[in-house]
Each structure stands twice: as structure tokens, then as C-alpha cells.
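Order of the sequence lines fixes the chain letters, A, B, ..., with proteins taken first and strands second; residue numbering starts at 1 for each chain. No experiment lies behind these values; they were computed from the predicted model shown.
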Amino acid sequence: MKIAVSSQGMSLDSEMDPRFGRAKYFLVIDSDTGQFTVHDNTQNLNAMQGAGIQAAKNVVDLNVEAVITGNVGPKAYAALKAADIKIYLCEKGSVKQAVDKFQAGQLSNAGQANQEGHWV
Amino acid sequence: MKIAIASGKGGTGKTTVATNLTYMAAENKEQVAYLDCDVEEPNAHIFLKPEIKEQRPVVRLIPVVDEDKCTLCGQCGEICQFSAIVLVGRKVIAYPELCHACGGCKLVCPAKAITEKTREVGKMEIGSSGSIHFIQGLLNIGEAMSPPVIQAVRQAAPEDIPVIIDAPPGTSCPVIESIRGADYVVLVTEPTPFGLHDLQLAIEMVQALGLVFGVVINRADSGDDKVLDYCRNNAIPVLAEIPDDRQIAEVYSKGEMICEALPEYQQLFKLLFQEILQQAGVHVG
């Protein structure tokens with residue numbers, strides 16, 4: 001399955017980005033083959049508002065089934081849920097470690113947003 | 001004649017200046033309008049004690065998507081600069097609290113799947129206190145955008161009598177909505193480094209809007225001379241200096257008007273009003 005992980009860098013050894021909407025990059029990893037693609041999120045990183053919504057739209061458009069990130073707010077949560085994307089929360093570590101934890105069933109599925117909305 | 005009272009920094013005394021200015025402008029039962037545009041926490045009513053006679057809701061239009069008509073083209077989300085409507089997967093989601101009510105999504109929808117409905121974002125209260133016409137806006141709790149409520153308050157202002165506008169602090173959209181089109185802007189500041197810094201931001205704002213303005217220094221002898229020097233060096237009129245008087249603070253903390261409780265200050269606000277009229281080029285008879 002394809003999983004999007006919020007990342008501070010462009011490789012599997014990069015630290016995860018704890019932010020979803022304003023993550024630096026998304027790495028989309030095929031958990032079956034280990035292949036991955038890098039997607040720049042700078043545009044949302046610098047957005048005045050709606051960063052979480054647009055980031056959610058982007059990962060949905062990348063046809064992922066799940067997202068691994070540190071935090072997710074109510075608007076991004078609503079958008080990801082509308083597209084039936086599963087959200088897994090991982091506090092820290094590299095992108096690879098996050099995916100390993102996910103595959104070992106160690107990450108919990110976020111039943112709701114774990115952050116308040118941010119206002120401009 | 002529209003006089004807006006603004007400041008960069010919060011807590012400099014905008015409402016104190018605005019209410020006492022209004023009090024003196026309404027001396028001899030002159031008709032004056034007071035607009036409290038600080039709609040996130042309007043407090044002028046504490047001092048002017050108006051009798052509220054009418055309450056009106058302030059509404060905005062938000063999009064409603066008919067899922068049966070929607071073709072999932074995503075054009076609504078592409079035109080929205082605020083991510084208030086977005087196509088995710090096979091669904092269009094709207095976020096009413098982010099919507100600026102431009103109607104763009106409705107216009108571009110090729111399937112005519114978008115209609116608009118009203119949503120209350122705040123209230124407006126209209127009343128009077130003697131010869132003062134009083135209007136205040138109240139943004140609903142949890143709302144992020146105050147300009148629509150400010151706009152409604154300004155549109156409800158009576159014409160042909162002096163209007164005094166109490167603006168919110170800062171230099172962002174709510175302030176611009178409050179002071180736009182004013183004949184004169186009074187920037188209230190305090191003689192501190194923060195006061196000066198934020199005054200400079202406020203001056204940049206009023207200059208960008210092409211408005212005529214002057215400065216009132218509150219708690220005038222409490223800090224340094226840098227605000228005064230700055231105004232002098234830049235040929236900015238200092239309209240009045242309100243002293244750092246403990247009695248003023250005591251009167252304010254009880255919700256009383258300075259001009260009423262401390263009549264010795266009536267002259268200061270009367271002269272301030274005359275100075276503003278003169279600076280704004282209004283003939284004083």
C-alpha cells in the first residue's frame with residue numbers, strides 16, 4: 001500500500017516532520033516494494049491559511065491509503081477522512097523508522113484531530 | 001465628517017480618547033455618532049452607557065454544494081484563495097469559517113451545483129446615549145474574521161453628523177476596514193519603545209491608505225521623549241498629550257468618563273476635537 005509520511009528531508013533517513021500541513025516534504029512510500037517518491041510541500045509551508053487542507057488534498061491526489069505524521073488538526077482531519085485516508089500518528093524518528101513501526105502495527109490510528117485549528 | 005481613532009499598539013487609550021472626544025463633541029446636545037468597531041471586544045458601552053434599542057444579526061453568504069449536480073471538476077477549490085472549499089478524492093468539502101464570501105466558487109461551477117446560504121457571524125447593536133447615536137458590532141465567539149461585522153457597523157452609521165470610529169488595535173484587515181475613508185485618523189500612542197514601534201507601523205498604514213492623521217500621546221510623562229522627537233522630525237502633528245495621572249486610571253477602572261468625573265480634563269478633549277476639525281480642514285464656526 002502507498003503511505004505518505006511528513007518529512008523534513010528528501011530521504012528515508014530524514015527526520016519525520018511532526019507537522020502535517022506545514023511539513024517540508026511528503027515521502028510517498030510503497031510499503032510492498034520499498035520504492036518512494038518525494039513531494040515538495042513548500043507552497044503549503046508558506047501558505048497564509050489552509051495549509052492542512054491543501055496538504056490533505058495533495059496526499060489524496062497522490063492516491064495514498066494512509067498518512068503517517070506527528071500532528072493533525074481538525075480541518076486536515078476532516079479532509080483526509082472525507083477521502084477515507086487512514087491517519088497514523090508517530091511522534092519522532094526517521095521516515096524509515098516510522099514506516100517500520102507502522103508495518104509492525106505499533107502506530108495508533110488517529111480517531112480524531114490531535115491539535116486545535118490554527119487561525120491566521 | 002468621520003474621525004477614526006486607531007493605534008498600532010493595544011492598550012494605549014483608543015477607547016478613552018474616542019469616548020471622551022465624543023462626550024465633548026456632544027456637548028450642548030450636538031448630534032454625534034459613535035461606532036465601536038473593536039468588534040472582538042467592544043467596551044465603549046461601559047463608558048457611554050447607551051440604551052440599546054435594536055439588535056440586528058450580521059450574516060455572510062457561504063457556499064452549499066449539491067452533491068447530485070457536482071461533477072467533481074474541482075474548479076471551486078482552484079479559485080478559492082482561502083481553501084474554504086476543496087475537492088478531496090470524490091467529495092467537495094466546504095469550511096465556512098474560512099470563507100470570505102466572494103462567491104467565486106459559485107461563479108466558476110460549470111454544473112451550477114453551488115448555491116449560497118446565509119450564516120450569522122455576529123451582531124450589531126444600535127442605541128443612544130443623550131445626543132450620541134451609538135452603534136457597536138459584536139463578533140460571534142469562535143469567528144476568525146471581523147471585517148464583515150465592522151463593515152455592517154460602518155454602513156449603519158448616520159450621515160450628515162460627525163462620526164467617531166473606535167478602531168481595533170493593530171494594522172491588519174479589521175483596522176483598515178474601520179478607518180478606510182475616514183476624513184481624519186487619530187493615532188493614540190504611549191511614550192515607550194513599544195508605543196513608538198507600533199506607531200510607526202500605524203503611520204505606514206494610514207499613509208498607504210492616503211489618510212490625514214495626527215498623534216495623541218497618552219500617559220505622556222511616563223516614558224521617554226522618543227515619540228515626541230519622532231513626530232517632530234517627521235512633521236507629524238501631536239494633537240494632545242494626556243498626562244500620566246493616577247486619577248484617570250481610577251476613573252477608567254470604574255467605567256466612568258474622564259470628562260464627567262474629572263471636569264478639569266474637559267478642556268483637553270474639547271481642544272483636541274477643535275484641533276482635529278482644523279487639521280481635517282473643517283471650518284469651525
Student: Flag the pair A:Ser31 / A:Gln103 as yes when at least one side-chain heavy-atom distance between them is below 4.5 Å, and no otherwise.
Tutor: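 Yes, at least one pair of side-chain atoms sits under 4.5 Å.
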Student: Please classify the contact between B:Tyr95 and chain A as side chain, backbone, both or neither, with a heavy-atom cut-off of under 4.5 Å.
Tutor: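 The answer is the side chain of B:Tyr95.
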Student: Would you say the rings of A:His39 and A:Phe26 are close, in the sense that their centroids are separated by under 6.0 Å?
Tutor: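 Distance test on ring centres: not under 6.0 Å, no.
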Student: The criterion is salt bridge (Lys or Arg N to Asp or Glu O under 4.0 Å); which residues satisfy it with B:Arg180, sequence neighbours excluded?
Tutor: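 B:Arg180: salt bridge (Lys or Arg N to Asp or Glu O under 4.0 Å) contacts with B:Glu177.
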Student: Please classify the contact between A:Ala78 and chain B as side chain, backbone, both or neither, with a heavy-atom cut-off of under 4.5 Å.
Tutor: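 Both the backbone and the side chain of A:Ala78 come within 4.5 Å of chain B.
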Student: Pick whichever of A:Ala79, A:Gly52, A:Ala83 has the most heavy-atom pairs under 4.5 Å with chain B.
Tutor: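 Among the listed options, the one with the most contacts to chain B is A:Ala79.
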Student: Supply the atom-to-atom distance B:Asp38 CG to B:Ile5 CD1, rounded to the nearest 0.5 angstrom.
Tutor: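 It comes to 13.0 Å.
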